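All remarks here apply to the structure that follows.
Nothing here was measured: the structure is a model prediction, and the numbers come from that model.
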Amino acid sequence: MAGRFTPRPTLPHSPKGVGGAPMTVRGGHVAMGAGVPRQAAGPGRARDWVPDGPLDLGLVLGPLRRGPGDPTFRATPDGSVWRTALTPAGPGTLRVRASGGGVRGEAWGPGAEWLLERLPELLGAADDPSAFVPRHRLVALTRHRRPGLRLTRSGLVLESLIPSILEQKVTTDEAYRAWRLLVRRFGEPAPGPVPGPMHVMPGPRTWALIPSWEWHRAGVDDKRASTILRAVRVAGRLEEAAGMEPGAARARLEVVPGVGPWTSAETVQRSHGAADEVTTGDLHLPRIVGWALAGDRDADDAVMLELLEPYAGQRHRAARLILLSGRVPGRRAPKMPRWDIGGL
């Protein structure tokens with residue numbers, strides 16, 4: 001979530017998702033189109049699933065997208081969401097779209113069966129929105145307007161950890177650019193009839209063999225590159241964290257030098273669908289939460305956590321609803337400057 005915290009206003013005529021929820025997305029919210037579903041060619045596996053309540057595909061899957069040019073994620077005008085993943089069974093491509101009163105998933109590649117088996121969890125089946133009780137009018141109103149919000153659980157750790165490391169201490173534009181360039185350069189083409197060029201994230205060995213000058217060209221400094229290299233050396237142990245409780249998973253991730261509370265929270269929010277793992281150490285989130293709930297534009301992590309205390313067990317969901325509300329303090333300082341180390 002961090003670094004993507006200035007919500008854009010909801011489009012006045014946004015299309016509807018499963019359950020009639022508007023499908024607008026920014027950062028954790030992908031704008032979805034509507035229309036006749038695109039007929040995918042070629043052999044693939046399929047699965048139909050009916051959620052037990054409203055489901056907004058853009059809101060649920062949006063956090064998995066790293067910028068509008070993410071080569072592993074695409075939303076198409078027909079209302080489909082496409083994503084690639086490096087699963088334990090191998091690379092795979094998944095297409096998800098609303099179908100009648102449910103959702104239809106289609107998958108290709110060696111990882112197709114793995115992706116379809118975990119489709120319900122990816123779409124928030126393991127999440128329990130009813131456990132959330134709004135304590136502020138703003139939060140209650142946003143929840144009412146966004147009934148299709150569920151927390152995704154990808155079940156994959158490295159695919160969220162590596163881009164989160166790339167987002168450390170830089171602007172989102174820089175981090176998205178690095179992710180885009182590295183995945184396109186070293187990832188393999190996505191299997192299946194994808195709607196345009198898409199790639200699967202490189203495997204741990206490929207990440208480990210990326211030359212130093214390629215990190216440099218992508219704008220990644222030595223500190224972040226070294227953290228990723230340390231992480232992929234113990235990739236198997238880190239992926240085991242997908243089966244742990246979020247707190248234990250964060251503790252395991254933070255054993256890797258360079259992975260701290262900010263990065264571990266950003267990871268488990270996506271890999272585990274962790275409803276209570278709120279991001280701390282972020283430049284923007286405390287001030288947004290402070291402004292939305294108490295009119296305090298100078299709030300720090302301590303103030304933010306105090307304000308979110310009534311939502312214990314659901315603090316991450318509360319933070320997402322606050323971001324979706326669009327209530328943010330006005331900017332009082334210039335944006336963080338961009339540094340292109342690749343040009344040095």
ask   = Where do Leu138 and Arg327 land on the side-chain contact (heavy atoms from CB on, under 4.5 Å) test, with the steps shown first?
value = CA-CA 9 Å; Leu138 176 73; Arg327 182 173 172 80; 3.9 Å; yes
Heavy-atom pair with the smallest gap, counting every atom of Arg224 and Leu166 = NH1-O, 2.6 Å
request  = Assess whether side-chain contact (heavy atoms from CB on, under 4.5 Å) is satisfied between Met304 and Val278, documenting all intermediate values.
outcome  = CA-CA 10 Å; Met304 176 181 72; Val278 64; 4.3 Å; yes
task = Would you kindly confirm whether Val220 and Leu158 end up in one hydrophobic cluster when ILVMFWY residues are joined by side chain heavy atoms under 4.5 Å apart?
result = yes
request  = Could you work out the complete set of other residues in the hydrophobic cluster of Val200, with links drawn between I, L, V, M, F, W and Y side chains under 4.5 Å apart?
outcome  = Leu86
message = Measuring only between side-chain heavy atoms, which start at C-beta, is Met201 closer than 4.5 Å to Trp179?
response = yes
ask   = Between Gln168, Glu254, Arg250, which is the residue that forms a side chain to side chain donor-acceptor pair (under 3.5 Å) with Thr263?
value = Gln168
task = Check the side chains of Arg230 and Thr227 for a donor-acceptor pair under 3.5 angstrom, ignoring hydrogens and angles.
result = yes
Arg150 (side chain) donor-acceptor with Gly124 (main chain) under 3.5 angstrom = yes
ask   = Checking side-chain contact (heavy atoms from CB on, under 4.5 Å) for the pair Leu293/Ile322: CA distance, chi angles, key distance, verdict?
value = CA-CA 9 Å; Leu293 300 186; Ile322 290 168; 3.9 Å; yes
request  = Verify, without hydrogens or angle tests, whether His136 (side chain) and Ala294 (backbone) share a donor-acceptor contact under 3.5 angstrom.
outcome  = no
query = Counting only N and O atoms by type, is there a donor-acceptor contact under 3.5 Å from the side chain of Ser264 to the main-chain atoms of Leu253?
reply = no
inquiry  = So does Gly148 get a backbone contact from the side chain of Asp56, meaning a donor-acceptor N/O pair under 3.5 Å?
reply    = no
Thr93 side chain vs Pro191 backbone, donor-acceptor pair below 3.5 Å = yes
query = Taking the six-membered ring where the residue is Trp, are the ring centres of His316 and Phe132 under 6.0 Å apart?
reply = no
inquiry  = Is a donor from one side chain sitting under 3.5 angstrom from an acceptor on the other, for Glu174 and Thr171?
reply    = yes
query = Looking only at side chains, do Ser80 and Arg95 share a donor and an acceptor under 3.5 Å apart?
reply = yes
query = Would a distance-only check, ignoring hydrogens and angles, find a side-chain to backbone donor-acceptor pair under 3.5 Å from Glu239 to Val157?
reply = yes
inquiry  = Any heavy-atom pair between the side chains of Val60 and Leu55 that's under 4.5 Å?
reply    = yes
ask   = Any side-chain heavy-atom pair from Leu94 and Leu116 closer than 4.5 angstrom?
value = yes
request  = Starting at CD of Glu245, measure out to NE2 of His272 and round the result to the nearest 0.5 Å.
outcome  = 8.0 Å
message = Working note: Asp296 + Trp291, criterion side chain to side chain donor-acceptor pair (under 3.5 Å); need CA distance, chi angles, decisive distance, verdict.
response = CA-CA 5 Å; Asp296 182 0; Trp291 177 255; over 6 Å; no
request  = Quick one: closest heavy-atom pair of Thr87 and Leu156, and the distance?
outcome  = CA-CD2, 4.3 Å
task = Side-chain contact test, heavy atoms from C-beta onward, threshold under 4.5 Å: evaluate it for Thr84 versus Trp108 and give yes or no.
result = no
query = Does a salt bridge link Arg237 with Glu240, judged by any charged N lying under 4.0 Å from a carboxylate O?
reply = yes
ask   = Taking NZ, NE, NH1 and NH2 as the nitrogens, is one of them in Arg65 or Asp70 under 4.0 Å from a carboxylate oxygen of the other?
value = no
task = Dump the intermediate steps for side-chain contact (heavy atoms from CB on, under 4.5 Å) on Thr267 and Val259, then the final yes or no.
result = CA-CA 10 Å; Thr267 301; Val259 176; over 6 Å; no
key: Minimum side-chain heavy-atom gap Leu305-Arg315 below 4.5 Å   = yes
ask   = Would you call Arg47-Glu117 a salt bridge at under 4.0 Å N-O?
value = no
inquiry  = Looking only at the side chains, is there a donor atom on one of Arg104 and Ser99 sitting less than 3.5 Å from an acceptor on the other?
reply    = no
request  = Using side-chain contact (heavy atoms from CB on, under 4.5 Å) as the criterion, list what pairs up with Pro202, not counting sequence neighbours.
outcome  = Val183, Phe186, Thr206, Trp207
Electrostatic pair Arg217:Glu214 at N-O distance under 4.0 angstrom = yes
inquiry  = If hydrophobic clusters are built from ILVMFWY residues whose side chains come within less than 4.5 Å, do Ile162 and Val234 share one?
reply    = yes
key: Side-chain touch Leu123/Pro51, heavy atoms, less than 4.5 angstrom   = no
inquiry  = Does this structure show an ion pair linking Asp276 with Arg317, if we count only N-O contacts that are shorter than 4.0 Å?
reply    = no
inquiry  = When you compare the side chain of Arg320 with that of Leu149, does any pair of heavy atoms fall below 4.5 Å?
reply    = yes
query = Got a donor-acceptor contact below 3.5 angstrom from the Arg143 side chain to the Pro134 backbone?
reply = no
request  = Answer with yes or no whether the side chains of Ser160 and Glu266 bring together a donor and an acceptor at under 3.5 Å.
outcome  = no
message = Please check this pair: side chain of Tyr311 against backbone of Arg135, looking for a donor-acceptor N/O pair closer than 3.5 Å.
response = yes
query = Got a donor-acceptor contact below 3.5 angstrom from the Gln269 side chain to the Glu277 backbone?
reply = yes
task = Can you sort out the partners of His199 under ring-ring contact (aromatic ring centres under 6.0 Å, His included), two or more places apart, ordered by chain and number?
result = none
ask   = Would you call Arg83 and Glu159 a salt bridge, taking side-chain N to carboxylate O under 4.0 Å as the test?
value = yes
task = Check whether any side-chain N or O of Asp301 sits under 3.5 Å from a backbone N or O of Thr280 as a donor-acceptor pair, and report yes or no.
result = no
